[in-house]
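By convention in this document, chain letters (A, B, ...) are assigned in the order of the sequence lines, proteins followed by strands, and residues within each chain are numbered from 1.
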Number of protein chains: 2
Amino acid sequence: MLIPLSGSYLKLKPRRECCTLQVPVWAPQTSKYLNRIYMVQSRSFGSSAINIPRNPSFAKLNSDDISYFRSIIGDKNVIEDEDRLSAANVDWMGKYKGSSQLLLLPKSSEEVSKILHYCNSRKLAVVPQGGNTGLVGGSVPVHDEVIINLGLMDKVVSFDKINGILVCEAGCILENLNSFLENEGFIMPLDLGAKGSCQIGGNVSTNAGGLRFIRYGSLHGTVLGLEVVLANGTVLDMLGTLRKNNTGYDLKHLFIGSEGSLGIVTKVSILTPPKLISTNHAFLACQDFISCQKLLLGAKRALGEVLSAFEFMDSHAMDLVLSHLDGVRSPLPASLYNFYVLIETNGSDESYDKTKLEAFLLRSMEEGLILDGVISQDINQSSSFWRIREGISEASVKLGAVYKYDLSLPLNNLYDIVEEMRARLGEAAKVIGYGHLGDGNLHLNIMTSRYDDDVLAQIEPYVYEWTSKHKGSISAEHGLGLMKANEIHYSKSPETVQLMVDMKKLLDPNGILNPYKVLPQSFFN
Amino acid sequence: MLIPLSGSYLKLKPRRECCTLQVPVWAPQTSKYLNRIYMVQSRSFGSSAINIPRNPSFAKLNSDDISYFRSIIGDKNVIEDEDRLSAANVDWMGKYKGSSQLLLLPKSSEEVSKILHYCNSRKLAVVPQGGNTGLVGGSVPVHDEVIINLGLMDKVVSFDKINGILVCEAGCILENLNSFLENEGFIMPLDLGAKGSCQIGGNVSTNAGGLRFIRYGSLHGTVLGLEVVLANGTVLDMLGTLRKNNTGYDLKHLFIGSEGSLGIVTKVSILTPPKLISTNHAFLACQDFISCQKLLLGAKRALGEVLSAFEFMDSHAMDLVLSHLDGVRSPLPASLYNFYVLIETNGSDESYDKTKLEAFLLRSMEEGLILDGVISQDINQSSSFWRIREGISEASVKLGAVYKYDLSLPLNNLYDIVEEMRARLGEAAKVIGYGHLGDGNLHLNIMTSRYDDDVLAQIEPYVYEWTSKHKGSISAEHGLGLMKANEIHYSKSPETVQLMVDMKKLLDPNGILNPYKVLPQSFFN
């Protein structure tokens, strides 16, 4: 559905008439599009490469267990219903599917503690689950692990308006937290496409990066404190609300990005930046990847402290979104250009920020770095820019199967792997490249009609070897999960992996927390 | 010595004539004052409260050990000279003094590895040392620990000009790194008074905060990678240079702030921000602490993305600096006001930033939050502002003995403890309060002519209990070291302390790394 035209873009007009200009004739739909968990129907599931035998040391669930869980969290939060279990057993891409027979919905840290204490003593394996929006199979069971979903723990505990410090339960949905904060004059320091479903506990557990990373940095910098329940049920209170606290080892960092394998995050204290009044967006077209790179370097210098996002996508990604998502249209001719860039600035002075952005864009246009571009004139236009960028994941799954790679790479090599994979796979697959260029983070999606071991063998380990050779990371922000647990050596030294294993054994000696994920299973047999 | 007048300040002139104005008649000395390690002469040393018996499980150094060390790092870097040992055995405040008989100066990670491997097998305790500028007795021996000073490991390994990523050895002096970066158009994300002596390895090991924290945040956010040598000599290569890398537990964070008790940091990879061309400074006087608070909140909103420092000091701190440091004078009448604030902005547009700052200051003056103030007109004036703020530590030790407390507190309670201590101690001591108000970080210095157990008993545990009661941290940025190892329970839960102990035992089973520090010794007897 197209929504009637609400206004026209500011056209970028170079002082020298060196570029064609875009006159938009349409307007986007509102930003409140639905990005809840997509229903998964009759997809082919994961590949044989991740078939891992069930660890026989784990107990099998019995009726006594279920009775016990009912006694501590109440009948209605102990879910055995087949439909609900079915949704919780599978990830949103339909790539990973477990066979859990039990979903638990605790309402408090105390309940989580009792559940884990019991599971640990019984050697019942568990998988912690938030919004189940992960991309590496980390949030669904591999076999019959008990699913502990934190969705009912969704309360804001406190908000300190003077210092911008939010304390909340782990099950709060990111978008809800951001809406709450906007009313108080603040924003969350992270934002991502799955914001309507993902939970802050899951964000912390996967060290989510996302769209504001270039401005506000990693969760290791913004998370001030955590409450975590350990495998044995111990509640670890590290829920500080101070910006600075150098009293010994800062153990909360162990749990940021450990994907629920060392403990379950139950509460989060996070520093939130003030909501600045001025936000500007530009959607730009570039001839080649080197122009995107140069544009980024220029933006870092010229926009400096107000630059808040620098996203890119190739024309293949753009085509995919336009072809597969209803109501999405490009503000620039979609077939003319090879690359598109979305720039966001966020500052405290409307007219100054806008002038600064326009001056930078015009300069870049004169230099030939930008071929065409528009600056948004209102929030609807801005939302439409983001809708394109954030819609890529959603559009990718429409083709059937999607192999997603999330790589950190040095800027000058970043796009080469996309072209190599495209050449390597030929007609067998559609290959797109996009991501957070400002952070050196490429998303490489490879789509086929169904999951296929032959295609997979063409991709892996090639893509990991290539990344390792170019000193990149095989997971910039998605984590390792089930998908890349065995590939950890491409990005971590053997000594570091060994220390991770030691940590895992120290914190979770029975290995009940999110088994088969993050680390190669061979360490635990 | 006074240096001739180089220019006059911009006088803050309110639109309504509600305040007196300051016409400065002097000029500061250059910023290149000496802040190398102060020579310590005939001071009284530490109190009986930190008398800890030597752990008998540690071996005593013998001539074979010394021969071995000579064989691996060369004769000239094995120091037994009494004068050099004497300087390395004592902290710069003259508060903590050990009796080490050996100082080792390795030149590479490999040498550090061989030293630790040997010490671990021999159960020889060691103390890692950087610039020895710590404030909690963390960097000097308690008994006869072998001192491993990283000062010869002072090379820049690489600098990526595109992404601003610096890789260097741990012994690089902070100020040297900053000078190196300034030539490349970047700056270090941290700055502190001891920059002329402190080393980046020590900064990382103590999770140093400092003057740019409000803008660039914690080292947990800016350190991208570390190389660390573990107690058994294992070199842990976590020296990534990527902004995003979610491949398993991010173990480098264990070593940031663990004060050399889990491993010795040998190399650091750090994200450095671009050097922005426009820096402005204002030095302001306020009537009371509540005005300082309100000024901070206003600055956060109005200066937003360009605010880079917000420091405060009380008139007692100002008096101390003016009385005890040569060539330092105040740009504002020193006896008229109760509080002083130093604001720094850092942005990409000279005239815009200045206009913005001036508008904010004039508005604040009209509101009565600022009683008087000056804006610096050149780098010398800016340096003179910083000289006052950074000179407080140096001036404090001139009185004889200084008890330093470094507290994180909620803003509205932050200054109360200074007044309480002043009332509590009366004539027995001089009490000053200053610090990084923008981060909620108070430095409380209590000076007496000599270290005295009776005075100490008046201060501790009172100050820790007070801080704990007000949900603060007993160490915002200095660390625990020897001084506060036994006080950890004021800021960490018992479960968290236990997990720290477990980590220490896992990583350093013989306990050779910086013993007696960070954690209560009772856990290791």
Side-chain angles (χ1 to χ4, degrees), chain A residues 162-163 206-207 209 213 217-218 220-221 234-238 240 242-251 253-254 256-258 274 276 297 300-302 304-306 347-348 352 408 411 439-441 472-480 488 491-493 495-496 499-500 502-503 506 518-519, chain B residues 162-163 206-207 209 213 217-218 220-221 234 236-238 240 242-251 253-254 256-258 262 274 276 297 300-302 304-306 347-348 352 408 411 439-441 472-480 488 491-493 495-496 499-500 502-503 506 518-519:
Chain A
I162 294 179
N163 299 298
T206 54
N207 189 28
F213 191 99
S218 152
H220 286 286
T234 299
V235 180
L236 211 55
D237 176 4
M238 305 173 291
L242 301 163
R243 284 207 68 181
K244 293 162 98 169
N245 181 10
N246 274 357
T247 52
Y249 315 156
D250 202 347
L251 297 180
H253 294 285
L254 268 181
I256 300 175
S258 62
L276 300 176
L297 298 184
K300 280 188 176 176
R301 290 278 163 193
E305 65 279 6
V306 297
S348 57
Y352 170 75
S408 266
L411 260 195
D439 315 319
N441 183 181
S473 164
I474 62 161
S475 178
E477 56 178 16
H478 293 173
L480 295 171
I488 191 168
S491 288
K492 286 267 200 286
S493 69
E495 296 81 8
T496 309
L499 188 51
M500 283 178 61
D502 295 343
M503 293 285 162
L506 176 67
V518 186
L519 284 158
Chain B
I162 294 179
N163 299 298
T206 54
N207 189 26
F213 190 98
S218 151
H220 285 286
T234 298
L236 211 55
D237 176 4
M238 306 171 291
L242 301 163
R243 284 207 69 182
K244 292 161 99 168
N245 181 10
N246 275 357
T247 52
Y249 316 155
D250 201 347
L251 297 179
H253 294 287
L254 267 181
I256 299 175
S258 62
L262 297 179
L276 300 176
L297 297 185
K300 279 187 175 176
R301 290 278 164 193
E305 65 278 7
V306 296
S348 58
Y352 170 75
S408 266
L411 261 195
D439 316 318
N441 183 182
S473 165
I474 62 162
S475 178
E477 57 177 17
H478 293 172
L480 294 171
I488 191 169
S491 289
K492 285 267 200 287
S493 70
E495 296 81 8
T496 310
L499 187 52
M500 284 177 61
D502 294 344
M503 292 285 162
L506 175 68
V518 188
L519 283 158

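In terms of heavy-atom pairs under 4.5 angstrom with chain B, the leader among A476(A), G304(A), G221(A) is A476(A). In terms of heavy-atom pairs under 4.5 Å with chain B, the best-connected choice from D237(A), I474(A), V518(A) is D237(A). Among V235(A), L506(A), L242(A), the residue with the largest count of heavy-atom pairs under 4.5 Å with chain B is L242(A). Note: I162(A) leads T206(A), I162(A), L276(A) in heavy-atom pairs under 4.5 Å with chain B. Counting heavy-atom pairs closer than 4.5 Å to chain B, the top residue among S491(A), S218(A), G217(A) is S491(A). For the options K300(A), E495(A), H478(A), heavy-atom pairs under 4.5 Å to chain B are most numerous at E495(A).
Of the atoms belonging to T234(B), it is side-chain heavy atoms, and not backbone ones, that fall under 4.5 Å from chain A. Only the side chain of I488(A) comes within less than 4.5 Å of a heavy atom of chain B; its backbone N, CA, C and O stay farther away. For D439(B), the parts lying near chain A are the backbone and the side chain together; criterion is any non-hydrogen pair under 4.5 Å. In this structure, the portions of L480(A) lying under 4.5 Å from any heavy atom of chain B include both its backbone and its side chain. Proximity to chain A (any heavy atom under 4.5 Å) is shown, for L499(B), by both the backbone and the side chain.
Here the CG-CE distance, from L254(B) to M503(A), works out to 4.5 Å after rounding to the nearest 0.5 Å. For the atom pair NZ of K492(B) and CG of N245(A), the computed distance is 5.0 Å after rounding to the nearest 0.5 Å.
Not a single donor-acceptor pair under 3.5 Å links the side chain of N246(B) to the backbone N or O of G479(A).
Side chains of K244(A) and S408(B): a donor-acceptor N/O pair is absent below 3.5 angstrom, by distance only.
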Evaluate the side-chain contact (heavy atoms from CB on, under 4.5 Å) criterion for residues N163(A) and L411(B): first the C-alpha distance (whole Å), next the side-chain angles of each, then the deciding distance (0.1 Å), finally the verdict.
-> CA-CA 8 Å; N163(A) 299 298; L411(B) 261 195; 4.1 Å; yes
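When all heavy atoms of T247(B) and S473(A) are compared, the pair lying nearest together is CG2-OG, 3.5 Å. Residue A302(B) comes nearest to S348(A) through the heavy atom pair O-OG, 4.1 Å, listed as atom of the first residue, atom of the second, then distance.
By the 4.5 Å heavy-atom criterion applied to side chains, E305(B) and V306(A) are counted as neighbours. Taking 4.5 Å as the limit, some side-chain heavy atom of T496(A) sits within range of a side-chain heavy atom of L251(B).
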